[in-house]
Each structure stands twice: as structure tokens, then as C-alpha cells.
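Naming convention: chains lettered A, B, ... in sequence-line order (proteins, then strands); numbering from 1 in each chain. The shown structure was predicted, so the numbers you read here are calculated from the model rather than taken from an experiment.
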2 protein chains.
Amino acid sequence: MVFKSHMFQALDEARAAGVRGEVPVGAVVVAPDGRVVAAAGNRTRELCDPSAHAEMLAIRAACAAAGSERLTGHDLYVTLEPCAMCAAVIAAARIARLYYGAADPKSGGVAHGARVFSHPQAHHVPQIYDGIGAEDSAALLRTFFAAARDSAAKG
Amino acid sequence: MVFKSHMFQALDEARAAGVRGEVPVGAVVVAPDGRVVAAAGNRTRELCDPSAHAEMLAIRAACAAAGSERLTGHDLYVTLEPCAMCAAVIAAARIARLYYGAADPKSGGVAHGARVFSHPQAHHVPQIYDGIGAEDSAALLRTFFAAARDSAAKG
């Protein structure tokens with residue numbers, strides 16, 4: 001079952017990331033009982049960490065809270081199609097359902113490019129639901145990158 | 001140029017990981033001036049973190065030390081073919097050269113499965129040198145998994 005409020009929370013995380021000057025992507029991990037156990041936005045610049053994508057940070061936090069490297073039965077909501085790195089950690093963490101917003105033809109690794117879940121080397125494949133909150137997510141990204149281009153053009 | 005001593009150090013990290021009960025994989029990041037700036041072994045169990053592969057930990061540590069999410073001109077030595085997650089973070093970190101040991105048909109994401117570097121969604125592709133120290137690396141993994149099977153069989 002899709003709870004829109006979880007994607008709304010992920011979109012809030014994305015907005016907050018944009019305000020911090022990070023690419024506006026947000027993610028939320030939900031436990032089998034419906035509790036939100038982790039929420040995060042992109043922090044690659046702040047943390048000087050190329051792996052600090054929203055999904056990665058949310059999964060790491062949820063695993064730390066659970067005391068386990070696996071999140072069996074947990075769902076992940078993320079505003080943008082995960083990249084290959086995040087798709088692979090979603091498989092490793094045994095996330096049950098992946099809900100994502102906008103497609104990412106340029107950097108995605110689920111429906112584009114590496115298509116991580118379509119190979120036997122992904123030892124777990126979540127159920128995937130795409131396009132949820134996609135318009136809001138895509139609008140956030142468009143506004144962010146348009147502002148970045150304007151800023152670059154003005155030097 | 002390949003410095004065997006760097007792969008020896010990665011193998012030492014792999015051995016130490018095995019002693020800790022982790023899958024024995026090790027990695028080393030080398031700066032353009034030849035200094036080893038980070039070395040790590042697998043710590044997924046210890047840290048309850050499915051992303052805590054040797055390459056990922058070494059890249060994160062090197063980025064933290066450099067104060068940058070990019071490691072332009074740096075080389076990565078790892079004892080096993082990186083998985084899709086680690087291949088993608090290697091691309092994101094702009095690692096210049098990837099030296100790896102044993103091939104990993106079961107979980108690899110460089111020469112197998114997702115083949116992360118073979119898609120335009122990988123925005124950087126390192127030079128890749130495989131098979132370095134492969135025998136030592138494969139022997140470590142064989143011994144580790146044989147012991148794990150024995151242990152499981154003995155209950």
C-alpha cells in the first residue's frame with residue numbers, strides 16, 4: 001500500500017537538501033509496522049562524501065537503528081530514481097518495496113543504465129513502484145538546476 | 001604504474017577483515033603523489049551497514065581526509081572485483097585507476113552483471129586493471145567461505 005504522506009516527507013527532505021545547496025533528493029525508510037525509522041536528504045557536499053545520497057543515508061541510519069545490515073520488510077520512498085550505487089545498497093539491505101518519484105535518465109540505475117535489479121548479481125529485488133510524486137520531485141530538480149545555471153552564468 | 005605493495009596492503013586489510021568474521025576484502029586509496037591516504041577492510045557486520053564494503057569505506061575516508069567528494073588523480077586497489085554499489089561510488093569519486101584482484105562472477109558489477117562503467121549513466125570511467133594478486137585474494141575468500149560452511153554444517 002502506498003502512503004502518500006511518506007512521499008510527502010521524502011519531498012520535504014528533498015526541499016531541505018536544496019536549501020542546503022545540495023541536489024534536492026529526499027528519502028524515507030518505513031518499518032513493517034508503518035513507523036518512519038529514517039529520513040534523509042542529499043548531503044554529498046556537506047559531508048564531502050560521494051556516497052551520501054538520500055537513500056544511502058536513510059538506509060544507513062535505519063540499519064544502525066535496527067542493529068542489522070538488513071531491513072527485511074522495510075519500504076523505501078525516494079523522490080528520484082536511485083542511481084546504480086543506491087539501487088545496489090537497496091538490494092543489499094533487502095528493502096521490500098521501493099517507491100520512487102521522477103525518472104532519472106541521466107544518472108538512474110533502476111530503469112536506466114546499469115539496471116541493477118535486472119541482473120542475477122543483485123541478490124534481492126524489491127517490488128518497484130515508480131512515478132509517485134514525480135511532478136513535484138521533477139519541479140524541485142528543475143528549479144534547483146536552473147538556479148545553479150543562472151548562478152554560474154553570472155559568475 | 002602498478003605498485004604491488006599497494007595490493008599487498010589491500011590483501012592485509014582483507015586478511016584482517018576475515019579475522020574479524022567479515023568477508024575478506026580489502027582496499028587502499030593512493031594519492032597522486034603515491035601516498036596511501038586510506039585503507040580499509042569489509043565491516044558490514046561490525047557496523048550493521050550494508051554499504052560498509054572495503055572500497056566504500058576507503059573512499060569515504062580518503063574523501064574526508066581530502067575535504068572533497070572527489071578524488072581526482074587517486075588510484076584504488078581492491079582485492080575483489082567491486083560490486084555495482086562500489087563501482088558506482090568509484091565513478092562518483094572520480095577515481096583515476098582501479099586495480100582489482102579476483103573476478104567476482106557472483107556479485108561483481110564491473111566485468112559482470114550491471115557492468116556499471118559500460119553505461120553513459122556512469123559519469124566517469126577509471127582505467128581498469130584486473131587480476132592483480134587475484135590468486136591470493138581468491139584463496140582468502142575460498143578459505144573463509146569453506147570455514148563458514150563447515151561451521152554452519154556443524155551447527
Would you mind telling me which of C83(B), G67(B), P120(B) has the largest number of heavy-atom pairs within less than 4.5 Å of chain A? G67(B)
If you group Ile, Leu, Val, Met, Phe, Trp and Tyr by side-chain heavy-atom gaps below 4.5 Å, do [X] and [Y] land in one group?
| X | Y | value |
| --- | --- | --- |
| M7(B) | L57(B) | no |
| L47(B) | V78(B) | no |
| L76(B) | Y129(B) | no |
| I95(A) | M85(A) | yes |
| L141(B) | Y77(B) | no |

Go through R115(A), R45(A), H53(A) and name the one with the most non-hydrogen pairs under 4.5 angstrom from chain B. R45(A)
Interface moiety of T44(B) toward chain A, non-hydrogen atoms closer than 4.5 Å: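 Both the backbone and the side chain of T44(B) come within 4.5 Å of chain A.
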A64(B) versus chain A, the contacting section by heavy-atom distance below 4.5 Å: backbone
How close do [X] and [Y] get, counting heavy atoms only, and between which atoms?
| X | Y | result |
| --- | --- | --- |
| H112(A) | Q121(B) | CB-NE2, 3.8 Å |
| P50(B) | A92(A) | CB-CB, 4.0 Å |
| M56(A) | S51(B) | SD-CB, 3.5 Å |

What part of [X] is in contact with chain B, defined as an atom under 4.5 angstrom from a non-hydrogen atom: side chain, backbone, both or neither?
| X | answer |
| --- | --- |
| S68(A) | backbone |
| L71(A) | neither |
| R94(A) | neither |

Counting neighbours of CZ on R70(B) that are heavy atoms of other residues, nucleotides or ligands and sit closer than 6.0 Å, is the number greater than 12?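 12 or below, so no.
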Show, in sequence, the C-alpha distance, side-chain angles and deciding distance for K106(A) and H123(B), and conclude whether the side-chain contact (heavy atoms from CB on, under 4.5 Å) test is met. CA-CA 9 Å; K106(A) 191 172 164 237; H123(B) 302 305; 4.0 Å; yes
